[in-house]
Structure formats: C-alpha cells, structure tokens
A.B. asks: 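Questions regarding the structure given below will be posed in turn.
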Amino acid sequence: MTNFQKIEQKWQKKWEDSEIFKVKEDSKKKKYYVLEMFPYPSASGLHMGHALNYTIGDIFARFKRMQNYNVLYPMGYDAFGLPAENAAIKAKQHPKVYTEASMKNFEKQQKSLGLSYDWSRIVKTCESEYYKWNQYFFLKFFENGLVYRKKSPVNWCPKCDTVLANEQVHNGRCWRHEDTEVEIKHLEQWFIKTTKYSEELLKDIEKLEWPERIKLMQQNWIGKSYGTEINFEINGENWPIFTTRVDTIFSVTFMVVSAQHPKLNSLITEKQKKEVNNFLKKIKSVSEKELEALEKEGVFTGSYAINPFTGEKVPVWIGNFVLADYGSGMVMADGHDVRDVEFAKKYNIPLKTVIKPIERKTNPNEVFTEKGILYNSGEFSGLSSDEAIIKMQNWLENRKLGKKTLQYKFKDWLVSRQRYWGTPIPIIYCNKCGLVPEKNLPVLLPEKVEFGKGNPLATNKNFVNVKCPKCNSDAKRETDTMDTFFDSSWYYLRYCDNKNLKEAFEKKKADYWLPVDQYIGGAEHACMHLIYARFFVKALRDLGLLKIDEPFTRLFNQGMLHGADGNKMSKSLGNVIVPEEVSKVYGIDTARLFLVSVASPDKDIEWSENGIQGMFRFTNRLVDYFENVKISKAKNEKLESASNKAIKEITEDIESFKYNIATIKLRQLFEKISKEEVNKETLENFLKLLSPFAPHLAEELWEKIGNKGFISVSEWPKYDSKKIKIEFEYEDEFMENIKSDINTVIKLVGKQPKIIKMFVSESWKYEVYRKLAKLESRNIKEVIEKIMVKGYEKEIPKIAQSFIKNPNAFMKIVLDQKTEMKILEENKKELESMFNSKIEIIKAESSKEVKAKQAVPGKVAILIE
RNA sequence: GCGGACGUGCCGGAGUGGUCAAACGGAAUGGGUUUAGGCCCCAUUGGCUUAGUGCCUGCGCAGGUUCGAACCCUGUCGUCCGCACCA
C-alpha cells in the first residue's frame, strides 16, 4: 500500500529546502495576497477544523501561484491574550513559556499539513519587535486625537477581571464567558475614536466583495439612523433629545430619562428624592439578565419639560427601559410608541394621538406606530409624516430649538485591559505634566509580575516607577495593556515587511502587497476584528502610512467542521479529530480532498469516517493508475475535449470557492482518463488540476511520469474552447442509455445472453429535430405540416406546440443513425466483455423491419438470444 | 420584537427560470472476482410501464407571476444565525 506519509514528508522537505514559496516584491509580476485569519495558539494544538480553514486558503494560494501571480501567503500567531494568561496561571507557568510552546507546536502541526506558506514572514504578536509598533501606533493615534482617556460606564467581566469593548459583550454577557454577565462600572479608561470613521466605515461596506450576511451585520452594528434633535427646556436648562419621529411631537405627554443618566440628579426635586432613591436601589439589585424580562418601571422626578412646539409642560420620569448611551439618554414619550404607551398605562399618565393611517381607521386599542397623516398638530395638521418631519426640522432650526441629526449605534473602542499578557500602553502619568507619551519604544512587558492581585503589571515596582520624560520628576507608568484586537488590526501589514526594525512596515512594500485580495476566516469576527481592522487602515491612511481605503477586498467565510456526532468539536464530547491521527492512516492529501468535497466550503460539515474512506479509495486508485500507466502518443480528441472542459470548469470553480464541485470534476476526469489512451499532456494537466487539492501526491506523480521541478510552481493549464466538443458528451450519454437498456432487457428476459442483437434504425425524432432547426414559422399548422413523420401523427402536434412556445428549448442534440452505428461499433468490445456475450449491430433499413423484430424505431432495439 | 439564511432521494449534499432534477460521495441490497474479504469491478435503491434516451408523481405546505418555476413573488409552517427596550 502506498505510504502517503512518506511521500508527504519527502515533498515537504523539498519545498522547504528549495524555498519555492518564499516571495518578494516583483514589479513585473501581478501580486496576489491570500490570507487566513491568524490563529490564537492554544496548548491543545490544532484540530481538523483548523486544517479545513488553512486548506481552503492553501488551495486558493496554490491556484493563484500557478496562475503566475506573485502570491503572498503568510502565517503568524495572535499570541497575546487572556486564555494564555489564565492557562498559564492554572498550570503555574509563565504565559510566555506557555505561548512559546504552543506556537512551536502549532507551527510543527501546520507544516505537516503541506501548507504553502512563506514561513520566513512569520509574525508573532507577543514579541517586542511586533508590539513595539502597537505602541507606536497608539502614540500616533494619541497625538492625532484618536486616542483619549475618559471616565464612563464600561463593561466589566468579573471572570476576565478586566473591562471589555462594546463589541466583546454579547447578549449582556462576556464573549469569552457565555455564563457570565457583564457588570457596568464607572471607570476611567482608554478609548480609540473609532466613531470618527462611522460614516466611512458604513459607506465603504458596499465596495467590499464580502458575504452579504457579514456586510449586513456590520451595517446594523454601525446602526445609522436619521432623526431630529429637539431641545426641551427643563428647569431653565436645555435638554436635547433625539427622535426619529418628530412628527409625533404634538402627542408628547411625558419624558423618560435613563436611570444611568449622568445628570440625573439635577432633575430630581426635593419632594421626589426618597421615592427616586428607592427606585434606583431596586433596579441596581436586579441583574442584567433579569432586567431583560423585567416590566417597564419608573418613577416621577418632580421636574417638568417644556415642549418647544406646544409650550406644554410635561412630567419627566425615570425609566428602566431607556438606554443611557444611545441618543441623549432621554426620550420623549407619546401615544405612538408601544413602550411609551405601556409605561403610561401603568402609571396613569395621559396619552394623546396625532397620527392616523392614510387608508383605514385604527381600532380603539391599537397603538399606531407607522407613518400616516397628522392631526391635532397645529400648523402641521393634514401633512403626511414624511412631509411633517422635514417641515418640523426646519421650524426647529429657524428658531434654534433643534436640528436634523444622525445617530450611530457604533461606539468608540475601549482598548485598555487590566491584564498582563498584552502590549503595555506606553503612557506615563506625571503629577505635573499629566499624560506623557513614552519616548523610548518599545516599553517592554516585564517578565516578573504577580498574578491574582489585581492588575499584574502594577505589582512590578521597577516597571511602574519612572521619571517623567518631560520634567524628570517622579512619575508612574500606565499598568493597563491593550486589547489584543489591537494586535490583530494590522498584522497583515507586518507580513509585508516582518523583519523591519525601523518601521512597522516600509510603505513601498505595503503599497505593493496591499490590500489583502482574499481573506478567509470565520463569521464570528464580523463585528469585532473585521471592523477594527477596517478602522485601522483608514486611520493609518490618514496618517500617511498607507494608500488603501480597505484592508480586505474579498472575504470568504468558511463553514465549521463538526464532529461525526454533529456536535461542535470539543474535548468534553470526545469528538475531536486531530490531523496527525488522520494523516497516519489516510495521508493529509486524502483528508484535504475529503474536507473540501463534502459540501461547499462555506457550509458547516460533519466529519465522517466513511466519507474519508471513500476519498481514500480514490487517492489509492490514483496512485495505482499512475504506477502502471502507459503513455500514448496518439491524439485522443474525445479525451482532449473532456480535459479542456475540465480545465475550464475547474478553474472557474476554484475561483468561486466551489471546491466541492471541482473535486467532483477531477474524479470524473480521472474516470475518463483511466478508460482511454492518454497522452502526456493530458496526464500533466490532470495532475496540475489536482495539485492545489492534493499537493504532495501531485508532486509525487508528476515526478513519476518523468517530470523534473515542482508541479507546485508549474503553470496552470489553459483550455482551448475549440477542443471542447459537446458531441462527445452525447455519445457518452448514448452509451449509458444503451447499457441501461441492455440491463433492463436482461432482467426482463431473465437469462444470461449469448448474443445481443442491436437494431439501429433511423430516428424519427432526429428527423423531427432536424426539420425544426430549419423552421422559423410560428404557425402551428405550418409547423405540424413541415415536421410530420409518418406513423407519429400523435406525437408531432405536441412537439410542434412546445416548439412554438419556446424555440430556444430545442437545443437538444439527437444523434442520427450513422453516428449511432459508429459509436456502437467503437464500443463493441467493451460491451462484449461487460455483458460477456457476442454483440451484433444491425442497421435497420426501415421502421417496418425493426417493428418486425418486436422493437420500436426511434431507438436502438435490443434482442437477446 | 427587528434583520438574515435555509428547508431537494435512506443520509451528506449538487442544481437557484428553459438540453423534461437528484451530479458526486456515503449507505443498503444483489451479483462478479477472491482461500477469504473490511480491497476491487458491475448492477439496483419514488411510483407506473410485457425493454423503446417513455409516462406519472416529486425539490416543507398553500397560492400567484410565466409559454415554462426547486429556482421569482405572496402567505404559512419548521430549523438555524445575528441584533435586541436603539426612541
């Protein structure tokens, strides 16, 4: 049996020794940048799911490389991060030791997958050569007002012991801990002004060739809405509020302010103080989760707001359902919002309505929330909602009482973390000078710290206590580190110039390689990494460091690999598949082929032992075939047609990530090749088509048929459309039908045939179709007349009818008698050995003759003796 | 609640207006080869039909558009995903 592992090791070594995957800038060649999201190296190593991800990218990179692109295909490790820190604490091991061991293990495993990375460009985010530039960018942002420090309500995960960005809170819980609710703390933290680019981030989404789903998720995340800002006067002060439905303003009967509003105290009157405090205590005592299910509750503040349109005084309430950080933390409440109505009914606040539907009547209990026609709205009565909104905005702007505005859900990025294993924030706190940027980068992450006593960096006095770079007085360092999403926001830039000690990357090199042409990764990063990275590129562009607007032109989301039981792969379920184990039995090429053949690579798939065995049969057959192949010099038009067609289609399939379809076509082509006389060119082309999927095997067989050099860097085959002849396919189809008919007849007769007689008659359908091809008439009578064949008076009108309905559908090729005879003669031997009997092919001169043999003309009649 | 995706044979899955759906793989059954087989080869796997590139049914369910729909539209049921008191 073939030793696939030996073959794989042989070629992996050769690839490495000859450095064929190493690339550098080459202005003469077109570049192509293929990238998979770099992994977080965990101690458990990689499983088959990782292998699937990398295989998808590797196939694409190999494909583009053979198409003569200068392909940048690098790998690196997202090495900083909490899991390493936590695991290290648990194992009583320094995070650095843990991470380095994990990376080493990852690299070794990845290398055994036969991935065509340029390993010389490896990037590890935990090395100071890398994170120095994190600090550099941080300070650049700081200088340019893109980084600021602010006290605000922030999300805190008690399990991670750190604050989290908005993007890292899912359903009120920590993204790493599905069971842990995030607490809101009021802390001073570092933010990056991502919102400066809200509009551009939103607008540029349409430029991206990304899955629609991801684009939509980003759109919703940024969450732009148009509306109106209105100043309500409360206690002589202006309180701007945001609404999308200013047209409902004449029905405002109360206001609701968020319980977390920073200026809440100024609204509470002496008389209401007690009641309000009780209420606030009550909401604080319930957890975030319970709050979700909670009814709307509130309490009157004692203050009144003046509606600028009506001059009416309406009460201001505190409500648990108003968000503090969206809009202005206060809303106007009216009879056209379900939540407001619910709230008002509970507390017996009066309600008004001012909008009615255009074409129907509302029923008494209905809360009409759609747009309609205004009434009871002063000068605006009778207008439609849309008209009224514009007029009201003008009305407000003329009186300086408000304006048309935009709102985004998107917020600034909270980047500081109170944890150790990350990039130190290069800022010094000086009592005299305030926030002072560190001049000497990198600020190294000290190795000696104590864990479990708050912020680990604060435990290293040598690190914390410094002299102020400006005034040289005693100062202290920032002890927070950066969110690791900062690292992953620009790693793809570093690949362009990973050894540069003077700059993060040389602009010229970045200009050559960027943007990433094809990015590959999971959908879980839609609203995290993929937004941060887009922000980063735009920010660096505006700092003059880049000339691109977007980092990733095309994005592909691969599906997830589940265990054989249909569940997510996990240790606790014991369904984890490890590439090494699979390689030992089947070889990694077989695994690669199997993984991409199950389904379209963007769909979730399940591991299947039976499935990979099926692919194993194929790879073994391949080897067997090539070991015994006799290369012919003869021309074989039929095979050439099939080969050219396969080249055309497989090229298109790979381009559009239909790897599953491509592998099927490879198998089909192989079936044809193995049955025919084949020349060297066809064999070579087949191996080339195979090589992105099964690179080791392709190299081995390439060598076996007498080639030198690597197939991996050979040229992708080109097809000649003139050589693709559709007739051959019909021939095959015809033979399939003949075989199927013979089988049916044998079954019916119930005996092994000694002689099979085949009467080939002139096909009446052939005649009909031939006549139809010449016809242009749309007159049914005329058509029937012209295509009529005697003996088929019943069928002809039906054909004529459908022809008139759609002449284009008549593209079908029907073989004529002569061709049928020829094909049968050619395949006679094959049929004889297949059915173990003699074959006689008889040309039937007339329909009558065939009928006399108990068969019907129009098809090959089969008789068994 | 809002937004999105999907629903095809025993199973995984192709096909997203036109050469009369099920490619390809898996599985099962029958046969061949074999000392034996878990290898390999062949056949069968919706119904009808005393073979005829045939007929009927059929792509969750019900309607509609079209000469023609698995594919487009509407409704409905089911599964999954994202966001979620966003004013």
Side-chain angles (χ1 to χ4, degrees), chain A residues 1 170-172 211-214 216-217 219-221 223 225 227 241-245 248 256 258 291-292 294-296 319-323 325-334 336-340 342-343 407-409 523-524 526-527 594 597-600 603-606 608-618 620-621 624 658 660-661 663-668 726 729-730 733-734 736-749 761 763 765 801-802 804-806 808-815 834-836 850 854-864:
Chain A
M1 213 208 270
H170 297 160
N171 265 329
E212 287 305 314
R213 192 166 65 100
I214 304 291
L216 222 84
M217 277 164 77
Q219 254 171 41
N220 293 337
W221 186 259
S225 55
I241 64 108
F242 175 79
T243 179
T244 54
R245 290 295 301 276
T248 64
V256 189
S258 166
L291 211 71
E292 264 174 47
L294 213 64
E295 246 191 271
K296 300 188 180 10
N320 61 349
F321 65 98
V322 177
L323 298 173
D325 50 7
Y326 181 78
S328 53
M330 188 189 289
V331 296
M332 61 183 217
D334 52 63
H336 294 287
D337 183 289
V338 182
R339 292 159 305 181
D340 297 348
E342 206 180 301
F343 190 83
Q407 274 291 326
Y408 297 94
K409 285 196 259 178
E524 68 275 16
C527 295
F594 166 67
S597 70
V598 181
S600 176
K603 290 203 171 160
D604 290 353
I605 55 168
E606 279 167 29
S608 146
E609 206 57 34
N610 280 328
I612 192 162
Q613 275 173 17
M615 193 51 81
F616 191 49
R617 269 176 230 135
F618 174 68
N620 271 303
R621 219 173 328 162
D624 282 352
K658 290 179 182 166
N660 54 330
I661 307 293
T663 54
I664 286 164
K665 286 174 184 160
L666 270 172
R667 293 177 84 129
Q668 285 172 337
I726 196 167
E729 273 177 59
Y730 287 99
E733 210 174 291
F734 172 73
E736 284 306 305
N737 285 325
I738 293 288
K739 285 176 201 166
S740 159
D741 285 349
I742 296 175
N743 271 316
T744 316
V745 175
I746 291 173
K747 213 175 172 184
L748 282 169
V749 174
S761 70
S763 157
K765 274 197 180 171
Q801 196 93 43
S802 50
I804 284 162
K805 279 180 185 166
N806 180 22
N808 297 332
F810 283 79
M811 289 161 63
K812 188 172 174 177
I813 289 183
V814 179
L815 302 171
M834 193 172 159
F835 294 101
N836 200 17
V850 181
Q854 297 179 314
V856 172
K859 144 164 195 101
V860 177
I862 295 155
L863 270 184
I864 285 180

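Within every chain, numbering begins at 1; the chains are lettered A, B, ... in the order of the sequence lines, protein sequences first and strands thereafter.
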A.B. asks: Looking at residues at least two apart in the chain, or sitting in another chain, which of them share a salt bridge (Lys or Arg N to Asp or Glu O under 4.0 Å) with A/Lys665?
C.D. replies: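 With neighbours one apart ignored, the set is A/Glu649, A/Asp653.
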A.B. asks: Using Watson-Crick or G-U wobble geometry with both distances below 3.5 Å, tell me the partner of B/G82, or none.
C.D. replies: B/C2
A.B. asks: Take atom P in B/U19 and the same atom in B/G37, then report the distance between them in whole Å.
C.D. replies: 45 Å
A.B. asks: To the nearest Å, how far apart are A/Glu609 CD and B/G25 P?
C.D. replies: 19 Å
A.B. asks: Once you apply the 3.5 Å cut-off to both distances, tell me the Watson-Crick or G-U wobble partner of B/U16, or none.
C.D. replies: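 When the pairing criteria are applied, nothing turns out to pair with B/U16, so the answer is none.
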A.B. asks: Restricting to non-hydrogen atoms, name the atom on A/Gly614 and the atom on A/Arg667 that form the minimum distance, rounded to 0.1 Å.
C.D. replies: O-NH2, 3.9 Å
A.B. asks: Rounding to the closest angstrom, what is the interatomic distance between B/C11 and B/G17 at atom C1'?
C.D. replies: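 About 29 Å, rounded to a whole number of Å.
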A.B. asks: Look at all strands and tell whether A/Val322 reaches a base, only sugar-phosphate, or nothing, counting heavy atoms closer than 4.0 Å.
C.D. replies: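 Counting heavy atoms under 4.0 Å across all strands, the contact made by A/Val322 includes a base.
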A.B. asks: Side chain of A/Asn220 only, please: which of B/A23, B/A87, B/G3 is the nearest?
C.D. replies: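 Out of B/A23, B/A87, B/G3, the nucleotide with an atom closest to A/Asn220's side chain is B/G3.
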A.B. asks: Using the ring pair (Phe, Tyr, Trp, His ring centres under 6.0 Å) criterion, which residues pair with A/Tyr326? Sequence neighbours excluded.
C.D. replies: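 Residues passing ring pair (Phe, Tyr, Trp, His ring centres under 6.0 Å) with A/Tyr326: none at all.
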A.B. asks: Please report the distance, rounded to the nearest Å, between CD1 in A/Ile214 and C1' in B/C83.
C.D. replies: 14 Å
A.B. asks: With sequence neighbours left out, what residues match A/Asp624 under side chain to side chain contact (heavy atoms under 4.5 Å, CB included)?
C.D. replies: A/Glu627
A.B. asks: Specify the residue among A/Ser608 and A/Gly223 whose closest nucleotide of RNA chain B lies further upstream toward the 5′ end.
C.D. replies: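 In this pair, the answer is A/Ser608.
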A.B. asks: Just how far, in rounded Å, is P of B/G12 from CD1 of A/Ile612?
C.D. replies: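 About 20 Å, once rounded to whole Å.
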A.B. asks: Which residues pass the ring pair (Phe, Tyr, Trp, His ring centres under 6.0 Å) test with A/Phe594, sequence neighbours left out?
C.D. replies: A/Trp607
A.B. asks: Give one of base, sugar-phosphate or nothing for A/Leu216, where a contact means two heavy atoms less than 4.0 Å apart.
C.D. replies: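 It contacts sugar-phosphate atoms only.
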A.B. asks: Tell me whether A/Lys296 forms a cation-pi arrangement with A/Phe321, defined as NZ or CZ under 6.0 Å from the six-membered ring centre and within 45 degrees of its axis.
C.D. replies: yes
A.B. asks: For the side chain of A/Gln668, counting heavy atoms from C-beta on, which of B/A23, B/A14, B/C81 is nearest?
C.D. replies: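 Shortest atom-to-atom distance from the side chain points to B/A23.
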A.B. asks: Can you check whether A/Asn610 has a side-chain N or O nearer than 4.0 Å to OP1 or OP2 of B/A27?
C.D. replies: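 Affirmative; the distance criterion is met.
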A.B. asks: Between B/A87, B/A14, B/G15, which one does the side chain of A/Asn660 approach most closely?
C.D. replies: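 Within the option list, the nearest is B/A14.
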A.B. asks: Can you check whether A/Val598's main-chain N or O pairs, donor with acceptor, with A/Asn660's side chain at less than 3.5 Å?
C.D. replies: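 Between the backbone of A/Val598 and the side chain of A/Asn660 there is no qualifying donor-acceptor contact (under 3.5 Å).
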A.B. asks: Treating A/Asn220 as the side-chain partner and A/Gly223 as the backbone partner, does any N or O pair qualify as donor plus acceptor under 3.5 Å?
C.D. replies: no
A.B. asks: Using whole Å, report how far NZ of A/Lys603 lies from C1' of B/G15.
C.D. replies: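 Atom-to-atom, A/Lys603 to B/G15, this comes out as 11 Å.
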A.B. asks: Check the distance between B/G25's C1' and A/Ile664's CD1 and give it to me in whole angstrom.
C.D. replies: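 Checked: the CD1 to C1' distance equals 7 Å.
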A.B. asks: Please give, in whole Å, the distance from B/C6 C1' to A/Glu212 CD?
C.D. replies: 16 Å
A.B. asks: Check the distance between B/A28's P and A/Gln613's CD and give it to me in whole angstrom.
C.D. replies: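 Whole-Å distance recorded here is 11 Å.
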A.B. asks: So which nucleotide from B/G15, B/C24, B/C81 ends up closest to the side chain of A/Arg667?
C.D. replies: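 Of the candidates, B/C24 comes closest.
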A.B. asks: Which base, if any, makes a Watson-Crick or G-U wobble pair with B/G52, both distances under 3.5 Å?
C.D. replies: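 B/G52 is unpaired by these criteria.
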A.B. asks: Taking atom P of B/A84 as reference, at what distance in whole Å does atom CG of A/Leu323 sit?
C.D. replies: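 Result: 10 Å.
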A.B. asks: Determine which nucleotide pairs with B/G7, using a 3.5 Å limit on both distances of a Watson-Crick or G-U wobble pair.
C.D. replies: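 B/C77 - that is the nucleotide pairing with B/G7, both distances being under 3.5 Å.
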A.B. asks: Counting side-chain heavy atoms from C-beta on, which of B/A87, B/C81, B/G82 comes nearest to A/Arg213?
C.D. replies: B/C81
A.B. asks: Assign a letter to each nucleotide of nucleotides 39-44 of chain B from its 5' end: B, base within under 4.0 Å of a protein heavy atom; S, sugar-phosphate only; -, no contact.
C.D. replies: SSS-S-
A.B. asks: Measuring only the P atom in each nucleotide, how far is B/C24 from B/A14? A whole number of Å is fine.
C.D. replies: 15 Å
A.B. asks: With a 3.5 Å limit on both atom pairs, tell me what B/C72 is paired to, counting Watson-Crick and G-U wobble, or say none.
C.D. replies: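 Paired with B/C72, as far as the under-3.5 Å criterion goes, is B/G64.
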A.B. asks: Say we look at B/U74 and B/U65: how far apart would their P atoms be, to the nearest angstrom?
C.D. replies: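 Comparing P positions in B/U74 and B/U65 gives a spacing of 15 Å.
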A.B. asks: Return the set of residues passing side chain to side chain contact (heavy atoms under 4.5 Å, CB included) with A/Glu606 (not counting sequence neighbours), or none when no residue passes.
C.D. replies: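 Partners of A/Glu606 by the side chain to side chain contact (heavy atoms under 4.5 Å, CB included) criterion, ordered by chain and then number, come out as A/His562.
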A.B. asks: Once you apply a heavy-atom cut-off of 4.0 Å, does A/Ser600 come out as touching a base, just sugar-phosphate, or nothing?
C.D. replies: sugar-phosphate
A.B. asks: For B/G38, give the paired nucleotide (Watson-Crick: N1-N3 plus N6-O4 or O6-N4; G-U: N1-O2 and O6-N3; both under 3.5 Å), or none.
C.D. replies: none
A.B. asks: Would you measure the distance from the P atom in B/C71 across to the matching atom in B/G58 and give it in whole Å?
C.D. replies: 13 Å
A.B. asks: If the glycosidic angle sits within 90 degrees of zero it is syn, else anti. Tell me which applies to B/G15.
C.D. replies: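 You should classify B/G15 as anti.
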A.B. asks: Look at the side chain of A/Thr248 and the backbone N and O of A/His336, then say whether any donor-acceptor pair between them is shorter than 3.5 Å.
C.D. replies: no
A.B. asks: Between B/A23 and B/U16, how far apart are the two C1' atoms, rounded to whole Å?
C.D. replies: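 So the two C1' atoms sit 15 Å from each other.
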A.B. asks: On a whole-Å scale, what distance lies between the C1' atoms belonging to B/C41 and B/U33?
C.D. replies: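 Roughly 8 Å separates the two C1' atoms.
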A.B. asks: In terms of the nearest nucleotide of RNA chain B, which residue is placed more toward the 5' end: A/Glu606 or A/Asp340?
C.D. replies: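 Of the two residues, A/Glu606 wins.
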A.B. asks: Paired with B/U45 by Watson-Crick or G-U wobble geometry, both distances under 3.5 Å: which nucleotide is it?
C.D. replies: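 Partner of B/U45: B/A27.
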A.B. asks: Give a yes or no on whether a donor-acceptor pair under 3.5 Å exists between the nucleobase atoms of B/C24, that is its base, and the side chain of A/Lys665.
C.D. replies: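 There is none.
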A.B. asks: Taking the P atom in each of B/C72 and B/C59, what is the distance between them to the nearest angstrom?
C.D. replies: 15 Å
